[in-house]
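What follows is a set of notes on a single structure, which appears directly below.
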Amino acid sequence: RKAYNYKVEYYYENIETSEYEKDNDKTEERTAKYKSKITSYEDKNITGYELDENNTTSLPFTINDNTENPEINVIKVYYKRRIYNYKIEYYYENTETEEYEKDNSKTEEGTEKYGNKITSYEDKNITGYELDEDNTTSLPFTINDDSQNSEINVIKVYYKRKAYNYKVEYYYENIET
């Protein structure tokens, strides 16, 4: 049986466009005999991605005579961005201890694709407080791979007690009559 060339191409979902783009550096070129069944390919997954089975060429893949059309012997492997959980936590300065305490009733949870940016959060300020920008997580916040640290996708919003000006006035009784 005659041997034919075949390729394994790897595609990754672009963070900016969400379109799949081929990574030419990862493309493999191989040969196999006519009607051979290819049953595997190298897993070239990267952080924040997972195999997109709906778009990836099904295995086993049969090698055909590609003399007239070299593109018929191409296995395409697609990796989509994983979806991660994230949280937005709200903290308020305690009036007695001056430590920040999380208000669990105000915590928000959501999901986003790897690499997406969170650009805003709901302002949950309360009377007598103001945003503590020095301690609050900066925006935009990029969703990261949380496989090593489940607390990595947490936006923390801090509110400190407002400082108010006040005046002390002293009054003295006039003792002259």
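Fair warning: this is a prediction, and the values are worked out from it, not measured in the lab.
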- Pick out which of D43, D52, D23 makes a side-chain contact (heavy atoms from CB on, under 4.5 Å) with Y79. D43
- Message: Between Y12 and R81, is the side-chain contact (heavy atoms from CB on, under 4.5 Å) condition met? List the steps.
- Response: CA-CA 8 Å; Y12 298 86; R81 293 183 292 148; over 6 Å; no
- Is the number of heavy atoms from other residues, nucleotides or ligands under 6.0 Å of E133 CD greater than 12? no
- Item | Test item: Y159 and L131 side chains (from C-beta on) under 4.5 Å apart, heavy atoms | yes
- Task: Using atom types as modelled and distance alone, determine if a side-chain donor or acceptor of K44 lies under 3.5 Å from a backbone N or O of K26.
- Result: yes
- Is it true that E112 and K117 have a side-chain N and a carboxylate O under 4.0 angstrom from each other? no
- Within the side chain of T56, is there an N or O that forms a donor-acceptor pair under 3.5 Å with the backbone of Y78? yes
- Message: In the structure I gave you, are the side-chain heavy atoms of R161 and T95 within less than 4.5 Å of one another anywhere?
- Response: yes
- Passes side-chain contact (heavy atoms from CB on, under 4.5 Å), I152 versus Y84? Steps please. CA-CA 10 Å; I152 198 166; Y84 291 97; over 6 Å; no
- Task: Look up atom CG in N116 and atom CD in E16, then write down how far apart they are to the nearest 0.5 Å.
- Result: 9.0 Å
- Message: Using 0.5 Å steps for rounding, measure from the NZ atom of K162 to the CD atom of E130.
- Response: 6.0 Å
- Message: What verdict does the side-chain contact (heavy atoms from CB on, under 4.5 Å) test give for Y114 and I15, after you've listed the backbone C-alpha separation in whole Å, the side-chain angles of each residue and the deciding distance to 0.1 Å?
- Response: CA-CA 8 Å; Y114 173 78; I15 289 175; 4.1 Å; yes
- Query: Do the non-hydrogen side-chain atoms of K106 and I126 ever get within less than 4.5 Å of each other?
  - Reply: yes
- Applying side-chain contact (heavy atoms from CB on, under 4.5 Å), run through V74 and E9 and close with a yes or a no. CA-CA 7 Å; V74 178; E9 297 176 343; 3.5 Å; yes
- Query: Taking atom types as modelled, is there a side-chain donor on N135 or Y91 under 3.5 Å from an acceptor on the other?
  - Reply: no
- With no hydrogens and no angle check, is any side-chain donor or acceptor of Y49 less than 3.5 Å from a backbone partner on E13? yes
- Query: Under a 4.5 Å cut-off applied to non-hydrogen side-chain atoms, are N5 and K7 in contact?
  - Reply: no
- Closest heavy-atom pair, K113 versus I143, reported as atoms and distance to 0.1 Å, is O-CB, 3.7 Å
- Where E42 and Y10 come nearest, the two heavy atoms and their spacing: O-OH, 2.6 Å
- Task: Spell out, as yes or no, whether a donor-acceptor pair under 3.5 Å connects the side chain of T137 to the backbone of K156.
- Result: yes
- From N73 atom CG to T31 atom OG1, the distance as rounded to the nearest 0.5 Å: 11.0 Å
- Task: Classify the side-chain pair N55/Y11 by whether it contains a donor and acceptor separated by less than 3.5 Å.
- Result: no
- Could you tell me whether a side-chain N or O of E108 sits under 3.5 Å from a main-chain N or O of I88, the two making a donor and an acceptor? no
- Is a side-chain donor or acceptor of N144 paired with a backbone partner of T142 at a separation under 3.5 angstrom? yes
- Under 3.5 Å donor-acceptor, Y121 side chain and L139 backbone: no
- Would you say Y166 has more than 12 foreign heavy atoms packed within less than 6.0 Å of its OH? no
- Item | Inter-residue atom distance I75.CD1 - I38.CD1, 0.5 Å rounding | 6.0 Å
- Query: Are Y4 and N64 linked by a side-chain donor-acceptor pair shorter than 3.5 Å?
  - Reply: no
- Query: Hey, any chance V8 and I72 share a hydrophobic cluster, counting ILVMFWY side chains that come within less than 4.5 Å of each other, even indirectly?
  - Reply: no
- Gap between atom CG of N153 and atom CD1 of I118 - 0.5 Å precision: 8.5 Å
- Considering only heavy atoms from C-beta outward, does the side chain of L51 approach that of V77 to under 4.5 Å? yes
- Could you grab the distance from atom NZ of K80 to atom CD of E53, nearest 0.5 Å is fine? 8.0 Å
